[in-house]
Amino acid sequence: MKVPSDLLYSKSHEWVRIEGDTATVGITDYAQSELGDIVLVDLPEAGRVVGLDESFATIESVKSVSDIYAPLAGEITATNETLGTQSELVNADPYGSGWLVKIRLADPSQAGSLLTPDAYTAVLES
Amino acid sequence: MIVKTVPTPSLIFEKSSPGRIGCNLPVADTPEVDLETVLGPIRQSLDLPEVAELDLLRHFTNLSHINYGIETGFYPLGSCTMKYNPKINERTAGLTGFTHIHPMQPAATVPGALEVLAQVQDILCEVTGFDAISLQPLAGAHGELTCLMLIKAFHESRGEGESRRVVLVPDSAHGTNPASAALVGYTVKSVPTNAEGNTDIDALKGLLNRDVAAIMLTNPSTLGLFEPNIEEICRLVHERGAQIFCDGANMNAMVGTTRPGDHGFDCMHLNLHKTFSTPHGGGGPGCGAIGVKRHLEPFLPVPVVRRSDGGIVLDEQRPLSIGKVAAFFGQFLMEVRALTYLMAFGREGLPEISRHAVLNANYVKARLREVLPAAHDRPCMHECVLTAERYKKQNGVRALDISKRLIDYGFHPPTNYFPLIVPEAFMIEPTETESKDTLDAFCDALIAICAEASDDPELLKNAPTTQIVGRLDEAAAVKNLDVRWRPPAKPEVEAV
């Protein structure tokens, strides 16, 4: 399973890339692999404010429907609209073109409680 | 042993030959009208197949042979209770006294039909331990929804409708549970399952506050395990003023042996199409009767079918009722089938259902122990949940691949990937109607397939190979489903 070294992670298998006061969020390679073929990504409207660990999106695969939780609190400034027609991008490129949303962070210090790549790898191996 | 490959059947359109006729209409006793004059050239544009009666008969008979159902083979689909439905059910449901009546008829003209409803209610009260039954809900999830509406009405009647906004649902629950709660307007919170496979009581205590309207609990759980702390859970829920609903999907494990009403539940739904042998799925319709304790009875859907002074009345005068949840009295002929089943077993016979269902599931679990270990190694109820995680780690063979290979061995696969908390889940529910011979043949097949998973994983990843279609693209089936036949392009006909 790919765990890129330049990202932060949550225990519920979301990844986070922080640039300035904005975080890009997606699901990890492990998460997409466990879900199987993804058939629908239901994303929120831009402008919605989400709390830490709040469910903000759902992903439906051939196996299940799963909630996606906000790894950081803030306002959703952009969503990956391509996924409306090409949900398979989450499977094919979870860390790239399969990103889900961008969040303007309410409290950047929350990032301190996210997992480092090593810590997330340890979660996967446990 | 692998079954033979089934040839791909042609479509009825492809069997069509211009001018061939399949029926012989009687001579009209009214003046003939030329259809084309009235309708225009619609007949040609429809491109209907033109076949003889024998072609038609062979076509559909051959298609029916490709179908797989409980009447062709073992159907161990977990959480679905695909038991055999005895044929005597069809005989009673076909009696003209039941089929030639109309729900708009005055009640006084159909005492026999009312007696059926009242008797089904009486027996189901006794089987479940509840005080009243409503047969109105039309399917399992509809029964869940109705119970939550009753609970909502109950809290509202006590002035707590606004404050109690949360429904608790275990993380192992059927997806219909949170969906039903959301439909009634509740916020859903998840209750974790502990390492033993039971409801995590400490987590439940933390979640149970005055905001909680109800908890929806499946017992036995979807892990096929009986909740040993059920009485304590019911007590905790009631201490906080909340209600507890029993998802009755797994009632087949309890029939005649133990009763949810006695465990402390306030209400439950039953799937007559699972537990009480009425037809399933496409052969339905489903039937989601509900049972309630006395304090929820005033809110039941109207009309309530109730015995009164030696007769049976349809009681509409119930000011606290939530109203109707379906037309008339539910799926009436399904109630006839369920009553037939219940009376054929009788009070003494009913426990045999749950005993054999539980025995069969434990037998399968024990026979498969070495190849597909149980997710929680303790005696199971009517179904067992096994994990194929070993093969995924070993060489990428998933539970789905093993299931697809089972098709090549002539069996319907069990439920996969449910409950969600078990990795590479295999949920097997044999039901009580299968013999040891059938269970052995199924277990032998799975043991052989698990050996193949180690020796020749590609065999599984490419399965099935013996059917009219191979491995289907499930994602495409959801996203781009296209089952429409289009005629081959014809040369343009010049307008006259």
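Each chain gets a letter, A, B and so on, in the order the sequences are listed, and its residues count up from 1. As the structure is a prediction and not an experimental result, all values here were calculated from the model.
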Considering only heavy atoms, which portion of [X] lies under 4.5 Å from any heavy atom of chain B: side chain, backbone, both, or neither?
| X | answer |
| --- | --- |
| Ser55(A) | neither |
| Ser66(A) | neither |
| Leu40(A) | neither |

Next on the checklist: Would you call the rings of Tyr120(A) and His13(A) parallel, tilted or perpendicular, taking 30° and 60° as the class edges?
Outcome noted: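 Perpendicular, since the angle between the ring planes exceeds 60°.
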Checklist entry - So His174(B) and Phe418(B), would you call those rings parallel, tilted or perpendicular, with 30° and 60° as cut-offs? => result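 Rings of His174(B) and Phe418(B): parallel, under 30°.
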Checklist entry - What residue among Phe442(B), Tyr68(B), Tyr75(B) forms ring pair (Phe, Tyr, Trp, His ring centres under 6.0 Å) with Phe411(B)? => result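 Passing option: Phe442(B).
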Next on the checklist: Surrounding NZ of Lys189(B) (heavy atoms of other residues, nucleotides or ligands, distance under 6.0 Å), is the total greater than 12?
Outcome noted: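 Result for NZ/Lys189(B): open.
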Checklist entry - Pick from Asp37(A), Ile38(A), Val39(A): which one has the most heavy-atom pairs with chain B under 4.5 Å? => result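 Ranked by contacts with chain B, first place is Val39(A).
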